[in-house]
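Contents: one structure, followed by commentary.
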2 protein chains.
Amino acid sequence: MPARAKVTREEILDTALRLADEVGLAGLTMRGVGDRLGVTPMALYRHVGDKQGLLDGLVERLLTGELPDPGLPWRERLHRQGAILRAAARRHPQVFPLLLARRAATDAALSARDGVYQALREAGVPEDQVPRVERLLSTFALGFAASEAGGRFRSEQEADADFAFAEELFGQMIESLTAAAE
Amino acid sequence: MPARAKVTREEILDTALRLADEVGLAGLTMRGVGDRLGVTPMALYRHVGDKQGLLDGLVERLLTGELPDPGLPWRERLHRQGAILRAAARRHPQVFPLLLARRAATDAALSARDGVYQALREAGVPEDQVPRVERLLSTFALGFAASEAGGRFRSEQEADADFAFAEELFGQMIESLTAAAE
DNA sequence: ACCTGAACACCGTTCAAGT
DNA sequence: ACCTGAACACCGTTCAAGT
């Protein structure tokens with residue numbers, strides 16, 4: 001008679017993310033997660049591998065969210081993509097630094113990147129410049145969001161204004177690349 | 001007869017930084033540092049407070065370096081400042097993420113910021129725009145260096161080229177701000 | 001003043017055992 | 001198949017004691 005599973009990977013990651021939000025990354029513990037689920041810490045190992053696997057799962061969770069509607073104009077799509085990242089950083093400031101430490105090659109990360117590629121193409125950025133511009137944008141957005149999570153800005157207003165300033169700047173850059181291509 | 005100090009804060013931070021470089025942040029241990037210094041882990045507490053204090057000391061260490069020669073033209077000074085940060089990230093990729101997690105208000109960080117302020121003024125950026133532009137530059141540089149430390153770029157060549165691309169872009173932005181002010 | 005040793009309350013993880 | 005309990009080799013930190 002196979003024992004019925006008491007926990008799932010999903011539940012474990014939910015609980016771990018919530019626990020990390022409350023007590024920080026340093027306080028995130030296999031034992032703590034097990035306790036909250038009413039299960040021995042060793043029960044988690046079958047579902048997430050080990051603690052490293054748990055952390056990788058959290059990184060996934062951070063990025064899996066809505067993607068911008070592909071029907072929107074490119075500028076708006078890029079804006080939304082940035083907003084999604086910043087929202088994740090504000091929602092899980094304790095966990096967010098993991099994103100920078102371990103580079104994410106999850107499906108969510110890859111399809112976000114493809115979305116930016118597509119937006120840049122629509123904007124008219126020459127094909128051979130697209131990957132570089134995407135790296136520039138995503139590096140900035142990631143760094144900005146991480147800085148925000150780390151409390152580097154004095155207020156959310158200041159962060160909003162700074163981000164809008166950067167968007168304006170990058171918008172101009174994209175237009176100048178587009179113009180040069182014609 | 002007061003016991004003579006067997007270790008100093010400097011030695012402790014040196015050893016801790018080296019140990020973290022070798023075994024990563026997770027492997028950095030009060031006991032490990034003590035062992036390397038031939039001293040009980042508890043001997044460290046008098047000099048660095050606690051483990052948090054040790055980590056804070058490492059963040060200091062990361063930033064305390066040479067500042068760009070103030071006699072150089074502003075563009076070159078900004079370039080050097082970026083290069084210094086990236087060099088720190090490449091030298092201590094394991095430790096670098098700490099910089100983003102805990103915002104650094106060390107003397108070194110503050111005088112780097114003042115240096116950038118000064119460079120922007122020399123470039124002709126209007127005074128009321130200086131802090132915002134500095135935040136933009138430092139956020140980008142920090143995020144870029146952290147991404148580099150995290151292995152987000154395929155090669156050092158790619159990173160160099162991307163950074164140069166960004167510098168060009170920011171240079172244009174600074175010039176347009178300067179022109180608008182005249 | 002500074003270091004030591006023992007002790008406490010934790011960790012992640014293994015492994016054999018249960019159902 | 002999945003969970004449990006005991007055990008191992010670690011942690012950071014306290015506290016009284018030594019010099």
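In this text, all values refer to a predicted model and were calculated from it rather than measured experimentally. Every chain is numbered from 1, with letters handed out A, B, ... down the list of sequences. Atom set for the values below is all heavy atoms of this structure, side chains included, hydrogens, waters and symmetry mates excluded.
Checked against the 6.0 Å centroid criterion, the rings of B:F163 and B:F170 do not qualify as a close aromatic pair.
Neither OP1 nor OP2 of C:dC10 sits under 4.0 Å from any side-chain N or O of A:T29. Neither OP1 nor OP2 of C:dA1 sits under 4.0 Å from any side-chain N or O of B:K6. At the phosphate of C:dC2, neither OP1 nor OP2 sits under 4.0 Å from any side-chain N or O atom of B:H47. Distances shorter than 4.0 Å separate none of the side-chain N or O atoms of A:K51 from OP1 or OP2 on C:dC11.
Residue contacts shown for B:M30 are limited to sugar-phosphate atoms, with no base heavy atom under 4.0 Å away.
Checking D:dC3, D:dC15, D:dG5 against the side-chain heavy atoms of A:V7 singles out D:dC3 as nearest. Side chain of B:P41, nearest nucleotide from C:dG12, D:dT13, D:dC2: D:dT13. With D:dC11, C:dT13, D:dT4 as the choices, the nucleotide that has an atom nearest any side-chain atom of A:V39 turns out to be D:dT4. Listed candidates were C:dT4, C:dT13, D:dG12. Nearest to the side chain of A:R31 is C:dT13.
What separates CZ of B:R46 from C1' of D:dA16 is a distance of 14 Å, to the nearest Å. Regarding A:L37, its CG atom lies at a distance of 11 Å from the P atom of D:dT4, rounded to whole Å. The distance between atom CZ of B:R9 and atom C1' of C:dC2, rounded to the nearest whole Å, is 17 Å. Between the C1' atom of D:dC2 and the CD atom of A:E11 lies a distance of 14 Å, rounded to the nearest Å. When the P atom of C:dC3 is taken as reference, atom CG of B:L44 falls 9 Å away, rounded to whole Å. When rounded to the nearest whole Å, the span between OH of B:Y45 and C1' of D:dT14 equals 10 Å. We find that CE of A:M42 is positioned 8 Å from P of D:dT4, with the value rounded to whole Å. Summarising the geometry, the separation between CG on B:L54 and C1' on D:dT13 is reported as 14 Å, rounded to the nearest angstrom.
Taking CZ from A:R36 and CD from A:E11, the interatomic distance works out to 14.0 Å, rounded to the nearest 0.5 Å.
Base pairing of D:dT13: its partner is C:dA7, meeting the Watson-Crick or G-U wobble criterion (both donor-acceptor distances under 3.5 Å). The partner of C:dA1, taking Watson-Crick or G-U wobble pairs whose two distances both stay under 3.5 Å, is D:dT19.
Residues B:R121 and B:Q118 have side chains that bring a donor and an acceptor to within less than 3.5 angstrom of each other.
Between B:E76 and B:R80 there is a salt bridge, with a side-chain nitrogen of the basic residue lying less than 4.0 Å from a carboxylate oxygen of the acidic one. Between B:D14 and B:R61 there is a salt bridge, since a side-chain N of the basic residue sits under 4.0 Å from a carboxylate O of the acidic one.
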